[in-house]
Structure formats: C-alpha cells, structure tokens
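Note that the coordinates shown come from a computational prediction; the quantities given were computed from them, not determined experimentally. To find a chain, count down the sequence lines: A is the first, B the second, and so on, and within it residues start at 1.
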Amino acid sequence: MKSLIEGLNPQQREAVVYFDSPLLVLAGAGSGKTRVITYKIAYMVKELRVKPERILAVTFTNKAAKEMKERVERIIGQEAPVFVATFHSFCVRLLRAHAKRLGYSPNFLILDTEDKRRLIREILRDLNLDAERYSPSAIASVISNVKNGLYSEESMSVYYDRIKEILEIYNRRLKESNAFDFDDLLIYGRELLKDPELQRRYSNYFSYVLVDEYQDTNSLQYEIVRALTKEKGNICVVGDEDQCIYTWRGANIENILSFERDFPDARIIKLEKNYRCTKTILDAANAVIKNNRLRKGKVLFTDNPKGEPIRVFTAETETEEAKFVASTIKQLLKKGRSPSDIAVFYRTNSQSRVLEDALRREGISYQIVGGVKFYERKEIKDVIAYLRVALFETDTISLFRILNTPRRGLGTAVERELRLILQNEKNNFKALELLKERLPQKQRRAVSDLIMTLQNIREKLHSLPPYDLVKFIVVATGYEEFLRKEHPEDWESRMENVRELGNTLQEFAERERLTGEELYLEFLNTITLSSDQDELKDEEKVTLMTVHASKGLEFPIVFITGLEEGLFPHARSLDTSEEVEEERRLFYVAVTRAMELLILSRAKKRRVFGSLKDTKESRFLSEIPPHLLKEVKRKKAVKREQQEVTRSAVKGEKRPKIVFHEKFGKGIVRRVEGQGENAKVTAFFANYGEKTIVMKFLKILS
DNA sequence: CGCAGTCATTTTTTT
DNA sequence: AATGACTGCG
C-alpha cells in the first residue's frame, strides 16, 4: 500500500490522504482523477480501517461505478463491498426501502423517455389538445425542467398555457401507476432525506462520501449530497469546471463555487499535470479552452512527448468525410493498431449513419454507443411490457402498449373503453374482466385469450428459468409470428435481440442470485437506468459515439468529425455566449480523450433534413494554433483498389472477382463497363440474381 | 377495425 | 431520407 501511494505525484498523494475537512479536487482532464478516487477508497479501507460498505462513491454511470469497485479491489487485493452508485441508482435503493412513506409501493417502476412521451401523448388526447401546438417531446422537456427547478410554475406557462394542468394529470397518472420518471427519483430521494430521522440515519451510516464528475451534478443532486454529509462533513468531490457539459439538464458550475461557500473550511487541491495526452494534443486543448470566460482558470501541463501533429481533413460531402475516416482507420489497422484503440466522435447521433455505412463497406467492425439503445428497441420493449403487465397489476402504461400488439382486433375504440374502466378499477386484470363484458363476441374472445396468456405468464414467473420465460412469452402471445409477418426483412435479427434479452436476463439472475418477482423488478429498474456507456464492452472493435457519451473515457486515437459551424458548435447553441462556451467545453472534452493521435474532419457540404447545405468551418478549428495542425489529403487507396478490379475484370482473369453489396450481399462479377468508382459492374447475387451496380456502392472482397 | 397512402416532422446532448 | 402520425376507404 505504501509503495503504491509513492507512485503518485505530490498533489495526488495529498488528495488521497487528506481527511481533515471537506475536500474539493479540481482535476484537469487526464490528471489521474480516477486514480485518486480509487486510491483514496483503498487508503480508507486499508489504512484507516473504514468499513467498505460505509463508503459511498457516487459516479456518473453504472459502468464507472463497477470499474471503480474493481480497481479498488485490485489495489487492496480483497473484496471491498464499497457502496458505489449513480445518483439515480442510489435514490432507487433509498426509495425501495422507504417508498411507503411517500405513499408508493416498493415495487415501483421507472419510466424511460419513451414511456414518458407516450403518457404525455395520452394526456394530450384526453384533454383534446392537438399534438402540433403541444409537441409531446417539448412538453416532456418542460416538465423535466420544472421538476428540476429550472422554471418556476409561473414561467412554465409561457411555454404552454395549459402546462400546469398537464403536469398535474401527468403526476397523478404516475402516482396511480406506482411509477417514477427519472427526475422523480431524485426529487423523492431528496424528499426522503428531508425527514430528520432518515437524514440522520444515512448521514451517520456513511463514514465518507465521494462524488465523481462533480461539475455535472445539478442542484437536486447537490442537496442530496449535502443531506448525506450533514453530520460529519466527511466528503470529497472531484470535478473539472472545464468539462461541465450538462447544464441543459440542470448541471450547475455554481456547485463548484458554492462548495466553498457551504463548506467554509473546505480544502481545495488542483491536479494540473496531465498523464494522458501528447503535448501537441494538450496544447491544442489548452488553447481552445482559454477562449472561455466562465472558468476558474487552470493550465494543464505534461511531461509527455510532443507526438504527431493533429491531422485535419476537409471533405466535399459528409459521405466523403466518412470514407476518409474509414480508409484512415483501415491504414491504421494495417499498421498494427488494434481496433479498440480507435474512437470516432460526433456531435449528434444522426451523424453516425454515414459513418457506419462507410465502416461497414470497408469491413471494419465497430460498436456504437448510444443512439437507439438496446433496451429501447421496439421488440425488446414489447416483450418487457408483457413481463411488466404480468408482474404488476397496476402498470397500465405497459398494458396499453401490449393491448393490441400483436394485433388482436382491439383498436382505439376498445382502448377508450378500457381507459374508462380503469378510472374506477385500478387493477389491470379486473379491468380486463370488466372490459370483456362490454364487448361484442369477437373482441370478447380476444380479451379472454389475452387474460389467459397473461395468467399463464404469471404462473411461469417462478417456475421457468428467465431465458425460457422470455421464449414462452414470444410464443404464447404470438409475438414471434407477428414479427415474422410484420417485418419480413429483419424479423430474424429482431428475434436475435429478443434471445439476447433472454440471455442477459438469465445472466443477471445468476449473478445477482435472484428469482421470481424480485428478479424481474430489479432487472427492469436496472435496465431503465442503464446509461450509454454501460453498453460499452471491451471488444476488439472501433467505437463510435457522441461527444457527450465519451466523457470519462480515453483512446489512443480519436477522430472528431463534423467540425462545422452549426453542427459543432451546434446551431441550437449559438444564441448566448454561455451556450457557445458549453459547446467549447464539449469540444475540449472530445480533444482531451485522445492520448496519441487526434484527427479532425469536416465536410464542405452536408445533407440536413434531406437537402444539401453549404457549411462553414467550425470556429473551434481556428482556435487551435496552426503549428499543431497538419492538413491531410485524401488517400487514393480505395480508388486504386477499385481500379484494380476493373482492370482485372476487363482482362478477363480466370479467378472470379467477388464483391459485396449492402443489400444484396456477396456477388460474383460478370461484366464491368467503364473505369474507376463510377464503373458499372454487373454481378450475380445468390438471392437477387444478376444486378448492375455502380462500383462505388460495392466492396471488393477478392 | 385494419390498411395503404399522404403529410409532416425530425437532429442536440442523457440519467 | 426516413420515420411516424393521420385520413379515408374497404
């Protein structure tokens, strides 16, 4: 242990061993922040004999929480059941234990974004408001902002005149379904801690509280931290004001400032030595962030070598930009780099599509973080909805989801009827029984079948292993059949997703040693709270993600794409200087993820909403000192390869050329007309017969 | 009620 | 470009 601490620099070491008063660690990017936190925990357990379970470490994602635990255990060489959690998961546990005090039952549900939107849409329909003027997504965000105290109840009516009414119904519906949305978790978690007895109990229980990514906590989270440390003030928060990228969700740089105010005897330690990036990359990052006025001001330095210059590529279109990324990656791989060393960042999720296409065409395997998450896929949500309805007699949200999925002739009219019944009868099953009585023969039959199926699932909750239960659900409800019919092109991959769900569930059950209702309840809440990064695996693949999702990660080689005014910085963030500064911090985060090589790119023309638009270079590019940059020209590698095939086909070589097409799959080249990427290739595809395709849409396999 | 065709909206970032 | 909501017919 001693020798391990000696491996730290003086500031890091001091941050680890300091316990005299509340501690604020201002940790620059790549300054060994995680190291400090893990060593601090290890130090407490090993040297100060603090019980691990009495240390609370709050992180930003579940993945980070898990990693932190593992690292601590590796350092001290023994199991350390440290209480690591995210703010949300911590509140879930708090709420689970004390839900009754708030008039909720402990088996509550957590609504995800889609559930929330659906519910709002329903409410709007009930109020006869048209969804044009009242967009459900916009209302969802207003509701969230109100709940987070960003708007007062008066100011929110500026956005929508009937918002107060909507909000009231929304909250009532949530309560009736025994459900919380993401914001509620924090609100009610804090509510519980307002009770003096609970507040005392928990703040006494935890010997020490650590908060990571402190710059991105909002005022609710801050209050929770305050409540937990009231008795002892044993707290350490770690953050970097230059990496605050979530103000739109209520994160507050002020928290860093108010820390000194609320904890007057607080100690502040700055970590300014960077161990991650080359000098070139760090110089660029420093130069860019210097343009922000709202910061405490620190300048990172490093002993690392200068490294390669930052590459900049200007493409004509976004397709060409993607091609450049793909071919550069291919070269890097050829040189022996591992795919897992490489990450490609973009500002908005919509940018991923072209990049994916390009990578696929080059045969580079990639994983994508974020976007449509696994648990948000329709087939997964449908199966889960069946589980939920079987489990919870009051989950009306899920009931409506599955009522007519797969189609069983229960349309809007029946839906309306059921909604009416549910106003007086909160129990799903009883409501369905009542509904049956009011329907004509054919639909009555359908409802009967549905009830039977649901009862069947209920009975098997305990007897069948999770994997088999999932299988049973898709068969018994006719869901598999439904997929096959409705999605003839991709029902197989959808079924694959469902099987994947079964596997995950099975693994979860074995790992957590849970069964029956408890198992499904835990699982459902875990997946609702799973973050983008939680899906990230250590695979031998190139990683694609938004800049937001890259927070806290590092990669030897990083691409930042779409460096154009209006995209990065985003057009929606150009109104105020505060917004532009947040975009700049976002860019700063992106740049400082790179350890060795940074590659920046942009397109002169980009397709926005289907139409081609001219773009201007991002201001952030010009904020990097030119001597750190190196303009690169497009490599001809791809073209040469294509010409190669053209030539060989023309010469009528014996060995048949095999090509690959996105939709048609592998094909054998029959004829080629013309030259280069616009050459027309006629090839025979197993399932589609002979097709003539322009060369640039084909990948050459042999 | 279900379907096919039309119209409109989408792209900020996420627990 | 693509997805989803809406409309009117069978």
Subject >> Under 4.0 angstrom between A:H570 side-chain N/O and B:dT12 OP1 or OP2 >> reply: yes
Counting any heavy atom closer than 4.0 Å, what does A:Q443 reach on the DNA or RNA strands: base, sugar-phosphate only, or nothing? sugar-phosphate
>> Just N and O in the side chain of A:N349: are any of them under 4.0 Å from OP1 or OP2 of B:dT13?
In response: yes
Is it true that A:E623 and A:R584 have a side-chain N and a carboxylate O under 4.0 angstrom from each other?
yes
Report, one pair per line, the protein and nucleotides 2-5 of chain B atoms (nitrogen or oxygen only) whose separation is under 3.5 Å.
| unit_1 | atom_1 | unit_2 | atom_2 | d |
| --- | --- | --- | --- | --- |
| B:dG2 | OP1 | A:G409 | N | 3.1 |
| B:dC3 | OP2 | A:R407 | NE | 3.3 |
| B:dC3 | OP2 | A:R407 | NH1 | 3.0 |

Quick note, salt bridge (charged side-chain N to carboxylate O under 4.0 Å, His left out) partners involving residues 559-578 of chain A, not counting sequence neighbours, are A:E564-A:R606, A:E565-A:R619
Describe the nucleic acid contact of A:V414 in one word from base, sugar-phosphate, nothing, applying a heavy-atom distance below 4.0 Å.
sugar-phosphate
Is the aromatic ring of A:F182 within stacking range of B:dT14, meaning centres under 5.5 angstrom and planes under 30 degrees? no
- Message: Assess whether a salt bridge exists between A:D382 and A:R401, defined as any Lys/Arg side-chain N lying under 4.0 Å from an Asp/Glu carboxylate O.
- Response: yes
Worksheet item: Is any side-chain N of the basic residue among A:R295 and A:E581 closer than 4.0 Å to the acidic one's carboxylate O?
Response: no
Sorted by chain and residue number, the ring-ring contact (aromatic ring centres under 6.0 Å, His included) partners of A:Y104 (sequence neighbours excluded) come out as A:F180, A:Y188
Here the distance between atom C1' of B:dT15 and atom CD1 of A:I224, to the nearest Å, is 13 Å
(request) Compute whether any side-chain donor of one residue and acceptor of the other, for A:T86 and A:S89, lie under 3.5 angstrom apart. (result) yes
Nucleotide N/O of nucleotides 7-10 of chain C paired with protein N/O under 3.5 Å:
none

Within the pair A:T546 and B:dT14, is there a side-chain N or O less than 4.0 Å away from OP1 or OP2? yes
Residue set satisfying ring-ring contact (aromatic ring centres under 6.0 Å, His included) with A:Y170, at least two apart, ordered chain then number -> none
Counting any heavy atom closer than 4.0 Å, what does A:Y246 reach on the DNA or RNA strands: base, sugar-phosphate only, or nothing?
sugar-phosphate
Q) Within the structure shown, what part of the strands sits under 4.0 Å from A:T348 by heavy-atom distance: base, sugar-phosphate, or nothing? A) sugar-phosphate
Residues at least two apart in sequence or cross-chain that pass ring-ring contact (aromatic ring centres under 6.0 Å, His included) with A:F568, listed by chain then number, are A:F587, A:F620
